[in-house]
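Notes follow the structure.
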Number of protein chains: 2
Amino acid sequence: MKRNSRLSSALHILTHMAEADARSLTSQHLASFIHTNPVVVRRTIAGLREAGIVSSTRGPGGGWQLSRPPEEITLAEVSAALGESLLPFSTEPESPGCLVEEAVIAMLEEFRSEAERLLAEKLGRYTLADLATDYRKRFDRIGVTRHAV
Amino acid sequence: MKRNSRLSSALHILTHMAEADARSLTSQHLASFIHTNPVVVRRTIAGLREAGIVSSTRGPGGGWQLSRPPEEITLAEVSAALGESLLPFSTEPESPGCLVEEAVIAMLEEFRSEAERLLAEKLGRYTLADLATDYRKRFDRIGVTRHAV
DNA sequence: CCTATTCGTAACTAATTAAGTTACATGAAA
DNA sequence: TTTCATGTAACTTAATTAGTTACGAATAGG
């Protein structure tokens with residue numbers, strides 16, 4: 001798996017879960033979609049469970065399901081639940097006492113805070129249902145997909 | 001130096017260059033501002049030279065200067081010249097043939113392209129002159145700074 | 001209850017990336 | 001022609017993230 005692919009991996013997994021409807025999918029099964037192993041999947045989507053986006057059940061027949069209909073799950077929520085900023089440039093002080101650095105950090109933090117608001121607003125317009133719809137369009141056009149859903 | 005601090009490092013350096021006015025500053029000197037070494041500085045700002053933001057001269061008395069007045073250098077330009085996206089989430093295909101992944105990637109790329117436009121627009125409103133002004137405000141208030149400028 | 005299944009998580013290893021360093025060639029000024 | 005400064009390749013070190021192993025906890029079904 002490549003770097004910084006957690007958002008895309010999570011959405012891939014969630015869209016498969018949306019397609020699976022009420023059936024729950026095991027970590028093993030989800031892992032096969034993104035070519036990794038079950039532990040990585042659990043780690044990746046643990047935050048989504050805490051955010052009330054997915055729920056997991058243990059034991060035979062257990063696995064993962066969406067906690068809500070895909071229409072009600074926005075990409076903004078998913079992104080936030082993953083717990084990393086979309087704008088990962090650092091604003092950590094490295095030259096304590098330097099007023100130039102202070103000015104730079106203040107400006108970048110102001111920018112980041114405005115920008116994150118904008119990005120969340122934009123991401124809030126997309127839902128998992130949109131993704132599922134687009135997937136089905138592609139399926140109807142091509143008539144085959146690699147994974148069993 | 002921490003990760004992903006290239007934007008903040010570059011702005012720190014550039015603001016010192018703005019304050020130095022016409023004097024040119026050596027890589028060694030710039031490096032001391034961000035507590036690293038000259039080679040890292042040259043690497044960091046090489047892209048800025050190619051973008052026409054700074055110019056460098058060799059030999060005795062040489063070093064780095066802004067190519068234009070700080071009023072005319074926006075943070076959008078600086079960010080672009082560093083050559084890395086502000087939104088570094090991956091959209092590389094990892095499951096070729098999976099239509100779900102294709103749908104996810106298409107949506108994320110649409111989002112990224114819109115978002116980058118928005119961010120560039122926001123960053124275009126800040127200039128190096130704004131940074132220098134803020135620095136001077138801080139200096140007037142506190143009356144001391146760590147670096148010799 | 002006992003067993004099989006599945007998640008939860010800690011601990012370790014491997015791979016990747018970025019920063020830091022060394023070394024040396026190139027060019028300019030006095 | 002000597003000294004100073006950048007340009008850059010090559011290498012080393014440090015940090016981060018993914019991947020793996022191992023095992024404990026919970027649950028369904030007989």
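All of these numbers come straight from a predicted model, not from anything done at the bench. Throughout, protein chains are lettered first and strands after them, A, B, ... in sequence-line order, and every chain is numbered starting at 1.
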Roughly what angle, to 10°, lies between the helix axis at the start of the helix from dC1(C)-dG30(D) to dA30(C)-dT1(D) and the one at its end, five pairs per end?
10°

Indicate whether OP1 or OP2 belonging to dC7(C) is found under 4.0 Å from a side-chain N or O atom of S56(A).
no

Looking at every non-hydrogen atom in both residues, tell me the closest pair between T91(B) and I105(B) and how far apart they are.
O-CD1, 3.4 Å

Could you state the atom-to-atom distance from CD1 of I45(B) to C1' of dT6(D) in whole Å?
10 Å

Please answer whether the main-chain N or O of E94(B) pairs with a side-chain N or O of E101(B) as donor and acceptor at a distance below 3.5 Å.
yes

Out of dT21(C), dC7(C), dA10(C), minimum distance to the side chain of V39(A) belongs to dA10(C)

Can you find a donor-acceptor N/O pair under 3.5 angstrom joining the side chain of R49(B) to the base of dG7(D)?
no

Nearest-Å distance, CD1 (I34(A)) to P (dT17(D))?
16 Å

Find the distance L48(B):CG to dG7(D):C1' and express it as a whole number of Å.
15 Å

Establish, with yes or no, whether the OP1 or OP2 oxygen of dT6(C) is under 4.0 angstrom from a side-chain nitrogen or oxygen of T26(A).
no

R6(A) to F89(B) six-membered ring, cation-pi geometry met (6.0 Å, 45°)
no

Can you confirm whether L82(A) sits close enough to L48(A) that some side-chain heavy atom of one is under 4.5 Å from a side-chain heavy atom of the other?
yes

W64(B) CH2 to dC4(D) C1', in whole Å, measures 16 Å

Report all interatomic pairs (protein N or O, nucleotide N or O of nucleotides 26-29 of chain D) with separations under 3.5 Å.
| unit_1 | atom_1 | unit_2 | atom_2 | d |
| --- | --- | --- | --- | --- |
| dA26(D) | O4' | R58(A) | NH1 | 2.7 |

Report the C-alpha distance between V54(B) and Q65(B) in whole Å, list the side-chain angles of each, state the deciding distance to 0.1 Å, and finish with yes or no for side-chain contact (heavy atoms from CB on, under 4.5 Å).
CA-CA 6 Å; V54(B) 298; Q65(B) 284 178 278; over 6 Å; no

Atom CG of L25(B) and atom C1' of dC4(D): how far apart are they, to the nearest Å?
16 Å

Separation of dG19(D) C1' from L30(A) CG (nearest whole Å)
17 Å

For a quick test of reading the model, state the closest non-hydrogen atom pair linking S24(B) to G61(B) and the distance between them.
OG-O, 3.2 Å

Heavy atoms only: give me the nearest K122(B)-L118(A) pair and the separation to one decimal.
CE-CD1, 3.9 Å

List the residues meeting side chain to side chain contact (heavy atoms under 4.5 Å, CB included) with A31(A), not counting sequence neighbours, and say none if there are none.
T36(A), P38(A), V41(A)

Under 4.0 Å between a side-chain N/O of N37(A) and OP1 or OP2 of dT20(D), yes or no?
yes

Looking at E71(A) and A129(A), would you say the former's side chain and the latter's main chain have a donor-acceptor pair under 3.5 Å?
no

Using atom types as modelled and distance alone, determine if a side-chain donor or acceptor of E77(A) lies under 3.5 Å from a backbone N or O of T74(A).
yes

Calculate the interatomic distance between Q28(A) atom CD and dC7(C) atom P; express it in whole Å.
9 Å

Roughly how many Å is it from CD in E94(A) to P in dA18(C), rounded to a whole number?
16 Å

When the nearest nucleotide of DNA chain C is assigned to E50(A) and to G62(A) on a heavy-atom basis, which residue is associated with the more 5' position?
G62(A)

Please determine if a side-chain N or O atom of R42(B) lies less than 4.0 Å away from the OP1 or OP2 oxygen of dG7(D).
no

5' priority, DNA chain D, between G63(B) and R43(A) [closest heavy atom]
G63(B)

